[in-house]
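To start, the structure itself, in structure tokens.
Everything quoted here is computed from the prediction, not taken from an experiment.
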Amino acid sequence: MNCQVCGASSTNFVSNFRPYLDYDTDVFDCVACRARFAPHDVNAHEKLHSQSSKYLYQADIEKQIVSLLSNGDVVNAKSLLGKKPVNSFIIDRVIALPRAHKLLEIGCSRGYLAAWFLANGRNVLGVDISPTAVAAALKSFGDHFCLPDDPRIRRGAPYDVIYHVGTIGCVVSPVEMTKELIGLLKPGGMLVFNAPNRMSCDFLGGTWLSTPPPDLVNLFHPEFWQKEFSSLAEVEVNVLTAGRLTSGYIRMLAYFGASPVTRLFDVNNYKPPSFWTKIKRYFLTFYFALIDPPVPHEYGIHVVLRKKS
Ligand SMILES: [Zn+2]
């Protein structure tokens, strides 16, 4: 199988991986770009958004952001979004720029991050592949969201900043997508995003990160971005280390191995882990957090590509 990230034919089968009771997939390593990947399912994201799935948490964040922003509470909305380090990274990079700058968010889901920028008077268009997610964003935050084939995306180019959060690990051709996005930027414009770090699972000898396929299908080596894009852009890469509690959680998952405990779909009808299993998981998370050193943050490759003139 050719590499889903760089297209090279030098790939190795790693294993069959069953992250959920109702889902399994094959996993491969690329010798050329050092990515780890699982075959992409083009329908996965719409299925996850439109069915009773583990994506239900996204609707919950949307609801909370709607409530906070309708009261003008951008401070607590930022705190809520900032629970994910990548959101703080994007917000801090973008908010420092002039107010008139044109922003494009790729993979905006239900629109809650773009909505924060809108509430701060920024000019942003959000794009998502899931019609269900886009419909929810339009309903909650107004006419600032569209599907990938909408002519407004090209009409709005060139952009000052394009950003995406938790998206590059979920697409079928990350290199082509990144080149296309650089093409939509002004010279000197920034593409800002995070990428999942395969070193996090390598560190503990695991197969995958805590977000498994079919949602997340590409894990990157931190050196990949410099090697692949330095001819098109000035490349800045920061690799995060996870906090102690997150590190404990990652170590706990590695301790239990790949044995699934939850369903991907129909999540309201699955039998949850027993009380004692939950206690054991909590105990081990805190134990590892206290005893062992932190691990690389799973989604902590923070990348800024500044388009060359
Ligand atoms: Zn590759």
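Under a hydrophobic clustering in which Ile, Leu, Val, Met, Phe, Trp and Tyr are joined whenever their side-chain heavy atoms come within less than 4.5 Å, directly or via other members, Met1 and Val175 fall into different clusters. Note on Phe28: it does not cluster hydrophobically with Leu216, by side-chain heavy-atom contacts below 4.5 Å among ILVMFWY residues. Hydrophobic clustering (ILVMFWY, side-chain heavy atoms < 4.5 Å, transitive): Leu204 and Tyr299 are in distinct clusters. Cluster annotation: Val31 and Val5 are assigned to distinct hydrophobic clusters (Ile/Leu/Val/Met/Phe/Trp/Tyr, side-chain heavy-atom contacts under 4.5 Å, transitive). Residues Ile250 and Leu209 are members of separate hydrophobic clusters, defined by side-chain heavy-atom contacts under 4.5 angstrom among Ile, Leu, Val, Met, Phe, Trp and Tyr.
A heavy-atom distance below 4.5 Å is found between the side chains of Val165 and Leu113. In this structure, the side chains of Pro213 and Tyr23 come closer than 4.5 Å at one or more pairs of heavy atoms. Taking 4.5 Å as the limit, some side-chain heavy atom of Lys186 sits within range of a side-chain heavy atom of Asp160. With contacts defined as side-chain heavy-atom distances shorter than 4.5 Å, the pair Pro39/Val217 does not qualify. Side-chain atoms of Asp26 and Phe17, non-hydrogen and from C-beta on, never get closer than 4.5 Å to each other. Inter-residue side-chain proximity for Trp208 and Val27 is flagged as met; some heavy-atom pair is nearer than 4.5 Å. Annotation: side chain of Cys170 is in contact with side chain of Asp215 (closest heavy-atom distance under 4.5 Å). Residues Val171 and Glu176 are not in side-chain contact: their nearest non-hydrogen atoms beyond the backbone lie 4.5 Å or more apart.
Tested against Val161 for a side chain to side chain contact (heavy atoms under 4.5 Å, CB included), the candidates Val94, Val124, Ile90 yield a single pass: Val94. Considering Leu181, Leu191, Leu125, Asn123 in turn, Leu125 is the only one that fulfils the side chain to side chain contact (heavy atoms under 4.5 Å, CB included) rule with Tyr159.
Atoms CD1 and CD, on Ile153 and Glu180 in that order, are 9.0 Å from each other to the nearest 0.5 Å. If you take CG on Leu253 and SG on Cys201, they are separated by 12.0 Å, rounding to the nearest 0.5 Å. A distance of 7.5 Å separates CZ of Arg198 from NE2 of His221, quoted to the nearest 0.5 Å. Note: Cys33 SG to Phe220 CZ = 8.0 Å, rounded to the nearest 0.5 Å. Rounding to the nearest 0.5 Å places CD1 of Ile168 at 7.5 Å from CG of Asn218. Here OG of Ser173 is found 10.5 Å from NZ of Lys179. Values are rounded to the nearest 0.5 Å.
Of all heavy-atom pairs between Pro98 and Arg122, the closest is O-NH1, 3.4 Å. When all heavy atoms of Ile106 and Thr167 are compared, the pair lying nearest together is O-OG1, 3.4 Å. Of all non-hydrogen atoms in His297 and Pro85, the two that sit nearest each other are NE2-CG, 3.8 Å. When all heavy atoms of Met252 and Phe288 are compared, the closest pair comes out as N-CD1, 3.6 Å. In plain terms, the two heavy atoms of Met199 and Pro222 that are nearest each other are CG-CD, 3.5 Å.
Side chain of Ser247 to main chain of Val295: a donor-acceptor pair is present (N/O by atom type, distance under 3.5 Å, no hydrogens or angles). In this structure a side-chain-to-backbone donor-acceptor pair under 3.5 Å is missing from Glu62 to Gly111. No donor-acceptor pair closer than 3.5 Å links the side chain of Thr11 to the backbone N or O of Asp29. A donor-acceptor distance shorter than 3.5 angstrom exists from the side chain of Asp128 to the backbone of Ser109, with no hydrogens or angles considered. Between the Arg36 side chain and the Thr207 main chain, a donor and an acceptor come within less than 3.5 Å of each other. A donor-acceptor pair under 3.5 Å is formed between the side chain of Thr178 and the backbone N or O of Pro174. Arg306 places no side-chain N or O within donor-acceptor distance of the main-chain N or O of Pro187, the cut-off being under 3.5 Å. Proximity of a side-chain donor or acceptor of Gln64 to a complementary backbone N or O of Leu80 within less than 3.5 Å is not detected. Using modelled atom types, one side-chain atom of Glu105 and one backbone atom of Ala114 make a donor-acceptor pair closer than 3.5 Å. A donor-acceptor pair is defined here as one N or O able to donate and one able to accept, closer than 3.5 Å; no such pair exists between the side chain of Ser200 and the backbone of Asn197.
Among residue pairs with one or both ends in residues 131-149, those qualifying as salt bridge (charged side-chain N to carboxylate O under 4.0 Å, His left out) are Asp143-Arg152; sequence neighbours excluded. Counting only residues at least two apart or in different chains, side-chain hydrogen bond (donor to acceptor under 3.5 Å, both in side chains) contacts with residues 78-103 comprise Arg93-Glu236.
Between Phe283 and Trp276, the distance separating the two ring centers is not shorter than 6.0 angstrom. Aromatic ring centres of Tyr112 and Phe117 lie farther apart than the 6.0 Å criterion allows.
Glu298 and Ser210 are linked by a side-chain donor-acceptor pair at a separation below 3.5 angstrom, with hydrogens and angles left out of the test.
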| request: Give the C-alpha distance, both sets of side-chain angles, the deciding distance and a yes or no for side-chain contact (heavy atoms from CB on, under 4.5 Å) between Tyr249 and Tyr282. | output: CA-CA 8 Å; Tyr249 177 71; Tyr282 278 123; over 6 Å; no
| said: For a side-chain contact (heavy atoms from CB on, under 4.5 Å) check, start with the C-alpha distance between Val74 and Leu69, then their side-chain angles and the critical distance, and finish with the verdict. | reply: CA-CA 6 Å; Val74 291; Leu69 293 183; 3.9 Å; yes
| task | Carefully, step by step, assess Val66 and Phe141 under the rule side-chain contact (heavy atoms from CB on, under 4.5 Å). | result | CA-CA 8 Å; Val66 167; Phe141 305 116; 3.6 Å; yes
| query | Hey, mind stepping through Arg154 and Leu184 against side-chain contact (heavy atoms from CB on, under 4.5 Å) and telling me if it holds? | reply | CA-CA 8 Å; Arg154 293 216 165 265; Leu184 292 174; 3.4 Å; yes
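Looking at Lys307 and Glu234, no side-chain N of the basic residue comes within less than 4.0 Å of a carboxylate O on the acidic one, giving no salt bridge.
In the hydrophobic clustering, where aliphatic and aromatic side chains (Ile, Leu, Val, Met, Phe, Trp, Tyr) are joined below 4.5 Å either directly or transitively, Val172 stands alone.
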